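Just below is one structure, and these are the notes that go with it.
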Amino acid sequence: MGFVQVSEKEGDEPIELPVEEDGTLLLSTLQAQFPECSGLQYRIVETKAVRGVRSNEGRMYSPSEESGWGEYHYFCVFPKKNKRQSDDNSENSVAKTKRTEPLLRCFDLIVLGLSYNTTDRTLREFFETYGDVVKAEIKRDNTSGQSKGFGFVRFGSYDAQMRVLSKRHLIDGRWCEVKVPSSRGIGNQVPGKVFVGRCTEDIGTEDLREYFSQFGDVIDVVIPKPFRGFSFVTFLDPYIPQLLWGEDHIIKGVSVRVSSADKKVVPKKNQQIQSCKNSSNNNTNNNNDLDIFNMHAANNFNMHPGNNFNMHPANNFIMHPANNFNMNPFNPHGYQMNRAMN
DNA sequence: GTTGAGCGTT
């Protein structure tokens, strides 16, 4: 039974580690002393070159059959720190930056229920306690100058924005709420779901899943049959879709069009609704081919253990399952149970 | 000068 001299860094005081009967050093033995270590190196005295120790399936092999580990001082190799963040492919590291960057972007928030006395200035002063206020504006009647009782506020940091969203604020004696404006056009969207237009027939479910996984966990992919030139992709995280719209997405050389997936009104069995296309929604997408989102298997996001929806900082006030749909700050009206469910 | 659910501009 022999020992190998190993130190964390070259030149450090070495520790002697026991080798196995077959002359190999177990990676587990090594990691018992150097937890993050993934391999060993040593320096050739004559050439001053650094060599790596061969390792396979948890075993490290001595440099030579005859002389074993020799008198070398071995030192540890650690995984590169920037590499360790993304453990698989480079696509994922792209995804991570893409995933957080748009999320951190601030936008105007609507402040509802304001006192008619509240001014731009008092509005700003109130929200400055949360962070840097870029803009604070009361909406007024053009002719009279009378406040309409609502306004807009914009923060400099996403952190502040999230702390403010969807909770009540006592401003000038009135309880007000801050929401994402419906003008952002997401009122009728299905959480986590995107409509992928301009698809070609050779773009299969796995192609879609593979491509969109770089932005977040994909929990469902649907290509309507017969083929109609579009498909649907559902993310676990309901925030992902709005990060994707308007961007170029190229799958298999095809520039597909990603937009919001809107709720479709599903006719009840004995109570047919004449036409979905004549319904009141005036969205420009031909994507009203959806199930009602909360009936779809892929959209049971409230129940999913890995769902971070309820964990979002903006959603830290209601944890009751029955309220989940109303917790999304990006949904100004709250989701409603469709009658097809009843 | 009243009221109290909603949704604004560039």
Side-chain angles (χ1 to χ4, degrees), chain A residues 101-128 130-158 160-191 193 195 238-239 241-247 259-263 265 279-285 287-288 293 312-315 317-318 322-339:
Chain A
E101 188 264 308
L103 266 175
L104 299 174
R105 202 157 46 208
C106 294
F107 44 82
D108 287 9
L109 305 175
I110 190 167
V111 188
L112 264 12
L114 287 167
S115 159
Y116 297 121
N117 297 323
T118 299
T119 64
D120 291 3
R121 182 177 173 168
T122 54
L123 186 67
R124 171 180 288 270
E125 284 172 356
F126 176 85
F127 285 111
E128 272 175 346
Y130 287 90
D132 187 29
V133 174
V134 175
K135 156 187 174 180
E137 180 187 17
I138 299 291
K139 284 299 160 192
R140 298 177 182 279
D141 183 88
N142 282 332
T143 50
S144 68
Q146 167 71 272
S147 166
K148 289 182 177 173
F150 68 91
F152 292 87
V153 63
R154 189 172 188 133
F155 288 92
S157 82
Y158 190 79
Q161 168 166 316
M162 276 327 199
R163 284 203 307 273
V164 157
L165 263 172
S166 297
K167 64 178 182 183
R168 297 202 306 161
H169 302 274
L170 189 59
I171 308 172
D172 288 335
R174 282 186 58 89
W175 284 106
C176 306
E177 55 182 352
V178 179
K179 292 181 175 180
V180 173
S182 56
S183 54
R184 279 180 71 85
I186 51 181
N188 206 32
Q189 283 180 225
V190 185
K193 201 161 196 165
F195 171 87
Y239 289 89
Q242 64 171 316
L243 314 183
L244 267 43
W245 72 17
E247 301 202 18
S259 58
S260 65
D262 291 349
K263 279 180 280 189
V265 179
S279 66
S280 59
N281 72 40
N282 55 352
N283 61 66
T284 52
N285 303 322
N287 62 352
N288 49 357
F293 68 92
H312 198 279
N315 291 330
F317 57 107
I318 306 174
N323 291 326
N324 279 352
F325 282 131
N326 299 325
M327 288 165 59
N328 188 350
F330 289 91
N331 185 344
H333 307 299
Y335 296 105
Q336 295 171 349
M337 301 288 273
N338 191 291
R339 56 205 177 107

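Just so we're on the same page: letters track the sequence lines, and every chain starts at 1. Values in this document were obtained by computation on a predicted structure and should not be read as measured data.
- Between the CD atom of A:Gln161 and the CG atom of A:Asp108 there is a distance of 9.0 Å, given to the nearest 0.5 Å.
- Considering only side-chain atoms of A:Tyr116, the nucleotide from B:dC7, B:dG6, B:dG4 that sits closest is B:dG4.
- Closest approach to the A:Leu112 side chain among B:dC7, B:dG4, B:dG8 is made by B:dC7 (side chain taken as heavy atoms from C-beta onward).
- Contacts of A:Leu114 with the nucleic acid, taken as non-hydrogen atoms under 4.0 Å apart, include base atoms.
- The aromatic ring of A:Phe152 stacks onto the base of B:dG8, its centre lying under 5.5 Å from the centre of the six-membered base ring with the two planes under 30° apart.
- Separation of atoms OG1 (A:Thr122) and CD1 (A:Ile138) is listed at 6.0 Å; rounding is to 0.5 Å.
- One atom, CG of A:Asn117, and another, P of B:dT3, lie 12 Å apart when rounded to the nearest Å.
- Residue A:Ile138 contributes atom CD1, which lies 14 Å from atom C1' of B:dG4 at whole-angstrom precision.
- Here the P atom of nucleotide B:dT9 and the CZ atom of A:Arg154 are 16 Å apart, to the nearest Å.
- Comparing B:dG8, B:dC7, B:dT3 against the side chain of A:Gln146 picks out B:dT3 as the nearest.
- A:Leu109 and A:Pro181 get closest at one heavy-atom pair: CA-CD, 4.1 Å.
- Taking atom NZ of A:Lys135 as the reference point, atom C1' of B:dT9 lies 7 Å away to the nearest angstrom.
- Spacing between atom CG of A:Asp108 and atom P of B:dT10 amounts to 13 Å, rounded to whole angstrom units.
- In this structure, A:Arg174 atom CZ and B:dG4 atom P are separated by 10 Å, rounded to whole Å.
- In this structure, A:Arg168 atom CZ and B:dA5 atom C1' are separated by 16 Å, rounded to whole Å.
- With respect to the salt-bridge test (charged N to carboxylate O, under 4.0 angstrom), the residues A:Lys148 and A:Asp141 do not qualify.
- Each of A:Gly113 and A:Ser147 was assigned the nucleotide of DNA chain B with the nearest heavy atom; the assignment lying further toward the 5' end belongs to A:Ser147.
- Two residues, A:Lys148 and A:Asn142, neighbour DNA chain B, and the one matched to the more 5' nucleotide by heavy-atom proximity is A:Lys148.
- Classified by interplanar angle (parallel below 30°, tilted 30° to 60°, perpendicular above 60°), the ring pair A:Phe127/A:Tyr130 is tilted.
- Counting to the nearest Å, the P atom of B:dA5 and the CD1 atom of A:Ile110 are 14 Å from each other.
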